[in-house]
Number of protein chains: 2
Amino acid sequence: MTSTREELTGEIQQRLIRFIAEVVLYNHAVSGKVGLGASDSQFMTLLQTYGPLTPRQLAEHTGLTSGTVTGVVDRLESHGFVTRRPDPRDRRKVVVTPSMEAIQDKLVPLYAEQGERMHAVLATRSVEELKTISEFLADSIAEADS
Amino acid sequence: MTSTREELTGEIQQRLIRFIAEVVLYNHAVSGKVGLGASDSQFMTLLQTYGPLTPRQLAEHTGLTSGTVTGVVDRLESHGFVTRRPDPRDRRKVVVTPSMEAIQDKLVPLYAEQGERMHAVLATRSVEELKTISEFLADSIAEADS
DNA sequence: TCGTCCCTTCAAGTATCTTGATAATCCGAG
DNA sequence: CTCGGATTATCAAGATACTTGAAGGGACGA
């Protein structure tokens, strides 16, 4: 029976790796179904995480060339996943905005199964435990942003 | 203050999405540093998760063609990330085994920073909370496998 | 106005994937 | 035991996608 702090933290780290692996694989499979390549999928993740971004910002986040970014945005736009809008403040810039409608229609349904499974797991937890889990996630996100 | 079960589960789901997004982006960045493409990275994840697999099994998991799998394994093998061995039971088959040495040398150091951050977050939890988190992860993994 | 920044375009090269064919092996029917 | 079908991995060739690097036009700011 693992019970000491050291044992538990080690156990959590291992399980986290395993859990993340599952998610990453699922993610990859879903992206393929919608016809999104690796960079396309990465862009969508960035846009959903950080909100609308300019091509330059996307290039900095991904390490890709500006030319490549234009191409990727072209693809995403032609599939309806993002929209391009000129920045009213600086007309050199372009703002790439994720299309919530397309995400809702095409992406979310593919994650429904995963969402249900997570819901089932959470349903067996007490309110107290849910708070613990939620705070843990919040802190992990905050730490990752730093 | 969120406190009802419904509010908490919703909050957790949102935070989970955000957390996973961070991890996926980090993953992608790390893979790029080592020179691993999307499929290469996916293969390594599969091999670390499920252990040694045959090319056919890799093809089924990923949806790629058998010819593509050969190419990907070639790349990984030339970089020392996996080894090919003939299956003694069925000599048509080949067993692709991840090289723990290469993973330890090249991959693990790149995740050190993330590991430290997670460690810092866990250090502020009580033993009781750690148990809750660990069990939650265990159940999530079990549910994902089904 | 001049220098700089931002996005786009285009041509060329590199990776990556698919297809179809090949060779080795296994397995079951006869 | 042997033959034929099925399975497995590999290879070669072609198509597709991706990325780079250079060049250009519009827009900002001093």
Side-chain angles (χ1 to χ4, degrees), chain A residues 25 27-47 50-98, chain B residues 25 27-29 31-47 50-79 81-98:
Chain A
L25 291 173
N27 237 8
H28 198 276
V30 167
S31 299
K33 282 185 187 171
V34 205
L36 261 50
S39 294
D40 311 60
S41 171
Q42 194 190 13
F43 274 37
M44 291 308 291
T45 304
L46 279 169
L47 291 170
Y50 300 116
L53 297 172
T54 69
R56 162 145 298 285
Q57 289 174 313
L58 286 168
E60 283 168 359
H61 274 292
T62 57
L64 297 176
T65 311
S66 63
T68 305
V69 171
T70 301
V72 175
V73 173
D74 282 348
R75 273 203 301 278
L76 290 174
E77 194 178 29
S78 73
H79 286 66
F81 285 114
V82 303
T83 57
R84 253 192 266 244
R85 292 187 320 162
D87 186 337
R89 295 164 178 272
D90 185 341
R91 278 179 295 176
R92 289 171 303 182
K93 294 185 182 176
V94 167
V95 179
V96 180
T97 309
Chain B
L25 292 174
N27 237 7
H28 197 277
S31 300
K33 282 185 189 170
V34 205
L36 262 51
S39 294
D40 310 59
S41 170
Q42 194 190 13
F43 274 35
M44 290 309 292
T45 304
L46 279 169
L47 292 170
Y50 299 117
L53 297 172
T54 68
R56 162 143 301 281
Q57 288 174 314
L58 286 167
E60 284 168 358
H61 274 292
T62 57
L64 296 175
T65 312
S66 65
T68 305
V69 172
T70 300
V72 175
V73 174
D74 281 348
R75 275 202 300 278
L76 290 175
E77 194 178 29
S78 72
H79 287 66
F81 285 113
V82 303
T83 57
R84 254 192 265 244
R85 292 188 321 162
D87 186 337
R89 294 164 178 273
D90 185 341
R91 278 178 296 175
R92 290 171 303 181
K93 295 185 182 176
V94 167
V95 179
V96 180
T97 309

5' priority, DNA chain D, between A:D87 and A:L36 [closest heavy atom]: A:L36
Within-4.5 Å side-chain heavy-atom neighbours: A:T70 and A:P55: no
From A:K93 atom NZ to A:Q57 atom CD, the distance as rounded to the nearest 0.5 Å: 7.0 Å
Side-chain N or O of B:S39 closer than 4.0 Å to phosphate OP1/OP2 of C:dT16: no
Spatial distance of atom CG (A:L36) from atom CE (A:M44) [nearest 0.5 Å]: 7.0 Å
Heavy-atom donor-acceptor pair, A:S78 side chain to A:R75 backbone, under 3.5 Å: yes
5′-ward residue of the pair A:A38/A:P88 relative to DNA chain D: A:A38
Shortest non-hydrogen contact from A:T97 toward A:R85: OG1-NE, 4.1 Å
Side-chain donor/acceptor of B:R92 to base of D:dT7, under 3.5 Å: yes
Interface with DNA chain C, restricted to residues 56-79 of chain A and to heavy atoms under 4.0 Å: A:R56, A:S66, A:G67, A:T70
Donor-acceptor pair, side chain of B:T65 and main chain of B:T68, under 3.5 angstrom: no
B:V94, nearest nucleotide to its side chain (from C:dC17, D:dT10, C:dT8): D:dT10
Per A:K93 side chain, nearest of listed nucleotides D:dA27, C:dC7, D:dA9: C:dC7
Rounded interatomic separation in angstrom, taking CZ from A:R89 and P from C:dC5: 21 Å
Phosphate OP1/OP2 of D:dT8: any B:R91 side-chain N/O under 4.0 Å: no
